[in-house]
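Some notes on the structure that comes next.
Note that the numbering runs from 1 along the sequence shown for the chain. Please read these numbers as outputs of a predicted model, since none were measured by experiment.
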Amino acid sequence: MSSPGKIDNKSTLDAASWMFNVVTSVGIIIVNKALMATYGFSFATTLTGLHFATTSLLTFILKRLGYIQDSRLPFLDILKFVIFANFSIVGMNVSLMWNSVGFYQIAKLSMIPVSCFLEVVFDKVQYSRDTKLAILLVLLGVGVCTITDVSVNIKGFVAAIVAVWSTALQQYYVHHLQRKYSLGSFNLLGHTAPVQAASLLLVGPFSDYWLTGKRVDTYGYTFVSSTFLILSCSIAVGTNLSQFICIGRFTAVTFQVLGHMKTILVLTLGFIFFGKEGLNVQVVIGMIIAILGMIWYGNASSKPGGKERRSFSSTSSKALKHAGSESSDPDEKV
């Protein structure tokens, strides 16, 4: 049984990890919005490549200084991860271009049930009724405050499916690789970020030209826009690291559920700093429902049986060791 001190320490680290992710994620959204909307740098895929190039540089420096230990990750696993991650990035950009904002938001919300499906199939995770209902309440709340117009077309629907499944697989794979190879967040980033940066910087300019009709090499760089570009890349290091930390400490599903708190926070900050346009009773009600759902999810998933991984191997070994006697609970909390 864990001591109260260890439990308190874990809770503190969990909260700090989550706040790190919230601050960096909201920060990069605000900086990127200024970079793209105000200064016209609309090359989202190339920008993401620059983010991972900056992350790769930092992990290389820290490794040379001895702050990151050597670790092993097979290239096939790196390749799978990068394929999932890059399809996620390009898929999301294409989905936003080809779909209405309302359908794009529905697609983003569907990542939670897809992530649940992956955990049930691959990790044998079981959810209690309260945990399932809490997830549905979060989906309802975020849907109420973000979904407006909804129109669907075939190519947009296909892009959304690719984006949702690749994102869910990428986030699941983060947790899977950290568990399987006992990798820390910086270790995993050190393995995956260089390959992802190289592939995105290679494909990004062509993808961005296809999406926007503009070439990144003809963009008129100014001192201010370059400053925002450097700031975006710097914050992205924290965003990438905090995502790996949170998914490693929690799971992809928990990361998705709590991640909608950032959606609520971005909406709130938008109303505070950019005026009250779009703020109405429907949005406020949706925010309240979503926040209540997140609180319920945190409470329900932390209870015994709220979210557990069924360990068949441990059950079999206990049955062999203690044949004829009553075995202990085979469920493992996740």
Side-chain angles (χ1 to χ4, degrees), residues 6 9-10 13-14 16-18 20-21 24 45 48-91 114-115 118-125 165-204 233-234 236-256 309-314 316-317 332-334:
K6 288 184 178 179
N9 186 48
K10 182 183 182 304
L13 290 174
D14 286 347
S17 301
W18 187 246
F20 181 32
N21 180 257
T24 55
T45 307
T48 307
L50 293 172
H51 289 169
F52 281 104
T54 308
T55 303
S56 302
L57 177 62
L58 180 61
T59 56
F60 175 77
I61 293 173
L62 291 176
K63 191 172 183 179
R64 296 285 292 180
L65 293 174
Y67 290 105
I68 300 178
Q69 301 301 316
D70 287 330
S71 58
R72 185 187 71 86
L73 183 60
F75 183 73
L76 184 59
D77 283 319
I78 296 176
L79 189 61
K80 288 179 184 176
F81 176 87
V82 170
I83 289 173
F84 293 148
N86 287 357
F87 266 100
S88 168
I89 293 164
V90 176
V114 171
S115 295
L118 293 176
E119 288 190 359
V120 169
V121 171
F122 294 116
D123 291 341
K124 306 297 186 260
V125 170
W165 276 93
S166 56
T167 302
L169 283 166
Q170 182 255 344
Q171 293 184 355
Y172 171 82
Y173 220 50
V174 169
H175 190 70
H176 170 75
L177 291 176
Q178 290 193 37
R179 281 204 335 261
K180 183 177 180 180
Y181 296 105
S182 300
L183 295 173
S185 302
F186 258 126
N187 291 111
L188 186 55
L189 270 177
H191 287 294
T192 60
V195 182
Q196 200 167 351
S199 58
L200 286 174
L201 289 176
L202 182 65
V203 175
C233 291
S234 302
V237 175
T239 306
N240 292 332
L241 177 61
S242 64
Q243 181 190 38
F244 280 32
I245 290 174
C246 287
I247 295 177
R249 295 189 68 85
F250 310 118
T251 63
V253 173
T254 300
F255 181 76
Q256 282 285 342
R309 180 180 295 114
R310 178 72 65 177
S311 178
F312 294 103
S313 58
S314 63
S316 301
S317 61
E332 177 191 350
K333 190 73 186 296
V334 293

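- A donor-acceptor contact shorter than 3.5 Å is absent between the side chain of N86 and the backbone of L200.
- The closest side-chain donor-acceptor pair between Y181 and D77 falls under 3.5 angstrom.
- Side chain of T45 to main chain of V90: no donor-acceptor pair is present (N/O by atom type, distance under 3.5 Å, no hydrogens or angles).
- Other residues, nucleotides and ligands contribute at most 12 non-hydrogen atoms within 6.0 Å of the CZ atom of F87.
- The backbone N or O of F84 sits nowhere less than 3.5 Å from a side-chain atom of S88 that would complete a donor-acceptor pair.
- In this structure, T54 OG1 and N240 CG are separated by 9.5 Å, a value rounded to the nearest 0.5 Å.
- Side-chain atoms of E119 and T251 include a donor-acceptor pair closer than 3.5 Å.
- To the nearest 0.5 Å, atoms CZ (F52) and CG (L57) are separated by 14.5 Å.
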Can you list the steps and then say if V195 with F81 is a side chain to side chain contact (heavy atoms under 4.5 Å, CB included)? CA-CA 10 Å; V195 182; F81 176 87; over 6 Å; no

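- Between the SG atom in C246 and the CD atom in Q171 there is a gap of 11.0 Å [rounded to 0.5 Å].
- Side-chain atoms of Q178 come within 3.5 Å of backbone atoms of F244 as a donor-acceptor pair (strictly under, hydrogens ignored).
- With rounding to the nearest 0.5 Å, the separation of CD in Q243 from CG in L188 is 10.0 Å.
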Apply side chain to side chain contact (heavy atoms under 4.5 Å, CB included) to K63 and D70, showing your working. CA-CA 8 Å; K63 191 172 183 179; D70 287 330; 2.9 Å; yes

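- With rounding to the nearest 0.5 Å, the separation of CD1 in I247 from OG in S242 is 9.5 Å.
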Show the numbers, then the answer: is there a side chain to side chain contact (heavy atoms under 4.5 Å, CB included) between L118 and H175? CA-CA 12 Å; L118 293 176; H175 190 70; over 6 Å; no

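- Contact annotation: the side chain of H51 never approaches that of T239 to less than 4.5 Å [non-hydrogen atoms, C-beta and beyond].
- Annotation: the span from T55 atom OG1 to L50 atom CG amounts to 10.5 Å, rounded to 0.5 Å.
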Working for side chain to side chain contact (heavy atoms under 4.5 Å, CB included), residues I245 and N21: CA-CA 9 Å; I245 290 174; N21 180 257; over 6 Å; no

